[in-house]
S.K.: 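Here you go, one structure.
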Amino acid sequence: MERIWAFETSAISAVLVDFLDPALAGQPDIRERGVRLEIRPMAVGSIATIYSSPALSLKPAIIRIDMLESAPHKADRMHFHPGMVDGEPEERTFDEKMGDNPIDWLRSYLEQLHDWVGQTDGCSIAHAAEAITRETAELLDKARQPWPEVAHDERGLVVG
């Protein structure tokens, strides 16, 4: 299940992920599990009447935050991509503080997005940071439960 918070022209999505890291193929402990958050531009379609529901369109992410672990509570693969091009991540950025306390790190990061999403959405996201981090903490707790045996497809993603 994916959770999405929509603002005026931006959205934040959070999803539980479980995959085999292709960059580590052939090595032990290549499974990564955790929460992926993405900051995405969003477009709102025109509203014909007060009764109609507007179409919301999410664009490819401009920032990605990966709270990934090679084992529950290990916090060893947590990083973020402060730049993305056409939805593809650029270089990984590792911040020691992220692994020490990912939820506090996320709260602080969300409170400082003005330069990337604009002042209006930046303020809205900062006000929603507590709710976003609370739900992200719940997802991360779920990801940290004993890992079930799963099958992965050719891309490394969990099947089923």
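Basis for what follows: all heavy atoms, side chains included, without hydrogens, waters or symmetry-related copies.
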S.K.: Measure the CZ-OG distance between R77 and S70 for me, rounded to the nearest 0.5 Å.
M.R.: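 If I round to the nearest 0.5 Å, the distance is 4.5 Å.
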S.K.: Just by distance, do the side chain of S10 and the backbone of F7 share a donor-acceptor pair under 3.5 Å?
M.R.: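 A pair under 3.5 Å: no.
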S.K.: Taking only residues two or more places apart in sequence, or in another chain, which ones meet E130 in a side-chain hydrogen bond (donor to acceptor under 3.5 Å, both in side chains)?
M.R.: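 side-chain hydrogen bond (donor to acceptor under 3.5 Å, both in side chains) check on E130 returns R107.
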S.K.: With rounding to the nearest 0.5 angstrom, report the CE to CD distance, M84 to E38.
M.R.: 5.0 Å
S.K.: Checking D121 side chain against E8 main chain: does a donor-acceptor pair fall under 3.5 Å?
M.R.: yes
S.K.: Look at the side chain of W147 and the backbone N and O of A143, then say whether any donor-acceptor pair between them is shorter than 3.5 Å.
M.R.: yes
S.K.: Does any N or O in the side chain of S124 come within less than 3.5 Å of the main-chain N or O of T120, such that one atom is a donor and the other an acceptor?
M.R.: yes
S.K.: Please round to the nearest 0.5 Å and tell me the distance separating atom CD1 of I125 and atom CD1 of I132.
M.R.: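 With rounding to 0.5 Å, CD1 (I125) is 6.5 Å from CD1 (I132).
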S.K.: When rounded to the nearest 0.5 angstrom, what distance separates OG1 in T93 from CZ in R64?
M.R.: 13.0 Å
S.K.: Can you give me the closest heavy-atom contact between A14 and W5, atom names plus distance?
M.R.: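 So the two residues come closest at CB-CZ3, 3.8 Å.
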S.K.: Could you tell me which non-hydrogen atom of P60 sits nearest to which non-hydrogen atom of D86, and how far apart they are?
M.R.: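 Closest pair (atom of P60, atom of D86, distance): CB-C, 3.9 Å.
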S.K.: Any idea how H81 and H79 line up, ring-wise: parallel (<30°), tilted (30 to 60°), or perpendicular (>60°)?
M.R.: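 Judged by the thresholds at 30° and 60°, the geometry between H81 and H79 is perpendicular.
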S.K.: Are F80 and F94 near enough that their ring centres are under 6.0 Å apart?
M.R.: no
S.K.: Hey, is the main chain of K97 close enough, under 3.5 Å, to the side chain of D95 for a donor-acceptor pair?
M.R.: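 Indeed, once roles are kept as given, a pair shorter than 3.5 Å links the two residues.
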S.K.: Quick one, R33 and R144 - any side-chain contact, counting heavy atoms below 4.5 Å?
M.R.: no
S.K.: To the nearest 0.5 Å, what is the distance between CZ on R36 and CG on L139?
M.R.: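 Going from the CZ atom of R36 to the CG atom of L139 covers 13.5 Å.
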